[in-house]
Structures are given as C-alpha cells and as structure tokens.
Amino acid sequence: MNTANHPIFLDAPLSREITLSTGTAPIPYHVYDGHGMIVLGSCSAAALADRFAGQDVHLVLSASGEAIVVLFFCDFAKASHGPHLELHMTVLAAPKQGETLSDDPAAWLAAVATRQDWGMLSLHLWNDTPQVVAYNSEYLGLQAAQCQGQIAVAKDQVVFDFSDGEGASLASGRLRRMPRSDAGLMWRVMRGLGWRGIWAALRSRPASAHLINRKSAVLNRNGRAQTFTAPDKMVVTSFNPTLDRLAFGGVLARYGIAAKVTQHIWPFRFVYRHPDDV
C-alpha cells in the first residue's frame, strides 16, 4: 500500500496549510513512497563543538569518545510536498550531558529505537526543491539549503551524488543493496534492545523517533519533532569499505565521518510533525 490510505497517514492526516515564501504547503509533512538510505557512523566530537554552542542538548558519545552520526540519503518519489531528494546529517543527542554508549554500532541502532528521551540533532539539511527548502526552514526551523542530486536505485546497489546550490560536491557514494540484513549485526541489536525493548518495538507500529532542531529565529528552542516511519522492507548491513563507497565534500568533509552501518528502507512512508504538534 503506497498511498495516503495507509494507517500512518490516516493517523496524521493533512489538516491545514501554512503560507511560505514559495506559496502554501500542507501540514503535516507526508512521504508516501520512495527509497531511503540511512548511514550510521561516527565522527570527531571536537569537530561538532560549534554546532552545539548555545544549544540545550548534548552529544551522546561512544565509549571511545566519538559522536554518533545518522545520515539520510533519500529519494522521496511521492510526497505531500511533491517529489524531492534529501541529504541530512544528524547526530545523536540527549537532554543530559555525559550520556554514553558502547563502541558497537548495534548499540547505537538499539538506542535510536528505544531512547525516546533522546533524539537526532539536525546539523545540515539539503533538499532539491525550493518548496521543501522553504517548508523545512520557515516552518520547521531546520535551516535547510538548496541542493542538486540524483539517486539511482538498482537491485543490488544504490548510486547517488549530491552537490550544493552552486554545484560543489557534498556527498557521493555507492552502497550495496543486499537481499537480507546481516544476521550477526541484527542479533547484537536484539541483544541491545533486551526483551522489554523488543516487545516495545513489536508493539510500536509505525516506528517513532525524534528530530531536534538547532535554535534559530524560527524556533528559538531545541524542539523535539516526532517522526513516524512505516516501510514494508528494511535491510541493515555493516558498511564494508572494500565494497561500499562513500565520500564527502564541502562542509561535510570537515567532520571525518566514518560509516559503520547502512540501512535501506522502502517504500519510504514517513510523517514529520512540527515540535508543537502533540
């Protein structure tokens, strides 16, 4: 079911419109179909210091002292705001300073699924249509920027590249698309979830997570926007630097991102609520 009749959208229907610099746009934000790639990795915590200055949330660190990065490379083929691409860099954050996880990426995946008091702080966001850039910036306070890009989905791989509004490279890559998840990785995720976490995950349909905006003139607080995702397929594998390729340019190159896990989800069904919506 790839239409607006899916329960994820019936539970959060398009209810009104907001006026933006580009015209009117529906609320909330729906994605009905597409392919999403999520890359979980690490980067230098010191490189993020300026991005956390003045914020009321704090980095969640690995045992070795690195930040936990969640990157989104998405082709939203059918959406309430029209088809568009998205490149998004976020990092795991918590309201309390000093939160840590082990160095195992499986523990990071489990934490994203279970720690509803935590969230992903939005650091850099790009979209390839002015309407979505305006919605994300002027309404959601995510400080989005214009990009260009392409994502080519094949049976065994996904190839992509993104550049900024002036044509300078932001990210490019080729990620394997496997028929099934890594059994060993998923076993470690399940162990990290524990029985209570597994039961909660089984009961929670669709999956819910929180995205946190950096403070701005649009939202002068670190709002927690609730998101819901309900794909039919999800394949999670370890990043293999000899078989997978991922390169960064521009502002993203400064962080020294090291990919650990890749996740493909499709069809991409997604709802993003404003932080004020409960």
Side-chain angles (χ1 to χ4, degrees), residues 2 20-22 25 29-41 43 51 69-91 120-140 142-177 211 213-214 227 229 231 233-235 237 239 241 243-259 261-270 272:
N2 296 335
L20 306 168
S21 62
T22 54
Y29 175 93
H30 287 181
V31 175
Y32 305 114
D33 195 6
H35 190 94
M37 293 170 292
I38 301 172
V39 175
L40 193 68
C43 80
R51 305 301 291 171
V69 179
V70 186
L71 291 159
F72 298 84
F73 305 90
C74 300
D75 178 8
F76 295 142
K78 186 177 180 182
S80 56
H81 294 63
H84 59 281
L85 302 179
E86 179 163 303
L87 167 57
H88 200 174
M89 178 185 175
T90 70
V91 291
M120 293 169 284
L121 181 69
S122 176
L123 296 188
H124 301 284
L125 171 61
W126 292 270
N127 298 107
D128 69 335
T129 69
Q131 295 82 1
V132 177
V133 170
Y135 184 87
N136 283 334
S137 298
E138 298 170 21
Y139 178 58
L140 297 178
L142 296 176
Q143 305 170 52
Q146 185 77 33
C147 74
Q148 309 168 48
Q150 58 182 356
I151 296 177
V153 180
K155 181 179 180 181
D156 60 347
Q157 67 177 10
V158 178
V159 179
F160 58 94
D161 68 79
F162 287 84
S163 56
D164 65 20
E166 298 180 352
S169 178
L170 290 169
S172 62
R174 181 183 66 249
L175 300 179
R176 292 170 299 147
R177 189 181 180 196
L211 191 80
N213 62 280
R214 294 179 71 251
T227 70
T229 310
K233 302 290 184 179
M234 180 180 66
V235 175
T237 58
F239 183 88
L243 299 174
D244 297 307
R245 183 178 64 84
L246 185 57
F248 299 102
V251 67
L252 296 181
R254 63 178 275 199
Y255 297 112
I257 299 168
V261 171
T262 64
Q263 181 177 6
H264 292 268
I265 58 176
W266 76 95
F268 203 114
R269 302 189 189 95
F270 182 70
Y272 190 109

(message) Please evaluate residues Leu140 and Asn213 with respect to the criterion side-chain contact (heavy atoms from CB on, under 4.5 Å), reporting the C-alpha separation (whole Å), side-chain torsions for both, the decisive distance (0.1 Å), and the verdict.
(response) CA-CA 8 Å; Leu140 297 178; Asn213 62 280; over 6 Å; no
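Distance CG/Leu123 to CG/Leu252: 9.5 Å, rounded to 0.5 Å. We find the CG-NZ distance between Asp75 and Lys78 to be 14.0 Å, quoted to the nearest 0.5 Å. Once rounded to the nearest 0.5 Å, the distance linking CZ of Arg174 with CZ of Arg245 reads 5.5 Å.
Residues Tyr135 and Thr22 fail the side-chain proximity criterion, which asks for heavy atoms closer than 4.5 Å. Between His264 and Leu175, some side-chain heavy-atom pair lies under the 4.5 Å cut-off. By the 4.5 Å heavy-atom criterion applied to side chains, Leu40 and Val69 are not counted as neighbours. Under the 4.5 Å side-chain criterion, counting only non-hydrogen atoms from C-beta, Cys74 is not in contact with Met37. Here the side chains of Leu246 and Phe160 are in contact, with some heavy-atom distance below 4.5 Å. The side-chain heavy atoms of Tyr32 and Phe76, taken from C-beta on, include no pair separated by under 4.5 Å. When side chains are defined from C-beta on, Leu121 does not count as touching Leu211, because their heavy atoms never get closer than 4.5 Å. Side chains of Val39 and Val261 form no contact here, defined as non-hydrogen atoms less than 4.5 Å apart.
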Identify every side-chain donor-acceptor pair in residues 82-90 under 3.5 Å, counting partners at least two apart or on other chains, and give the distances.
unit_1: His84; atom_1: ND1; unit_2: Gly82; atom_2: O; d: 2.7
unit_1: His84; atom_1: NE2; unit_2: Tyr29; atom_2: OH; d: 2.6
unit_1: Glu86; atom_1: OE1; unit_2: Asn127; atom_2: ND2; d: 3.0
unit_1: His88; atom_1: NE2; unit_2: Ser122; atom_2: OG; d: 2.7
unit_1: Thr90; atom_1: OG1; unit_2: Val70; atom_2: O; d: 2.8

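Applying the side-chain hydrogen bond (donor to acceptor under 3.5 Å, both in side chains) definition to pairs two or more places apart or across chains, those involving residues 148-165 are Gln150-Asp161.
For His30 and Phe270, the gap between ring centers reaches or exceeds 6.0 Å. You'll find the ring centres of Tyr255 and His124 inside the 6.0 Å limit.
Listed for the Arg269 side chain is no donor-acceptor partner under 3.5 Å among the backbone atoms of Asp33. For the pair Asp244 (side chain) and Arg176 (backbone), a donor-acceptor distance under 3.5 Å is present.
Considering Phe72, Phe73, Phe268, Trp266 in turn, Trp266 is the only one that fulfils the ring-ring contact (aromatic ring centres under 6.0 Å, His included) rule with His35.
In terms of heavy-atom proximity, Val133 sits nearest to Ala145 at CG2-O, 3.6 Å.
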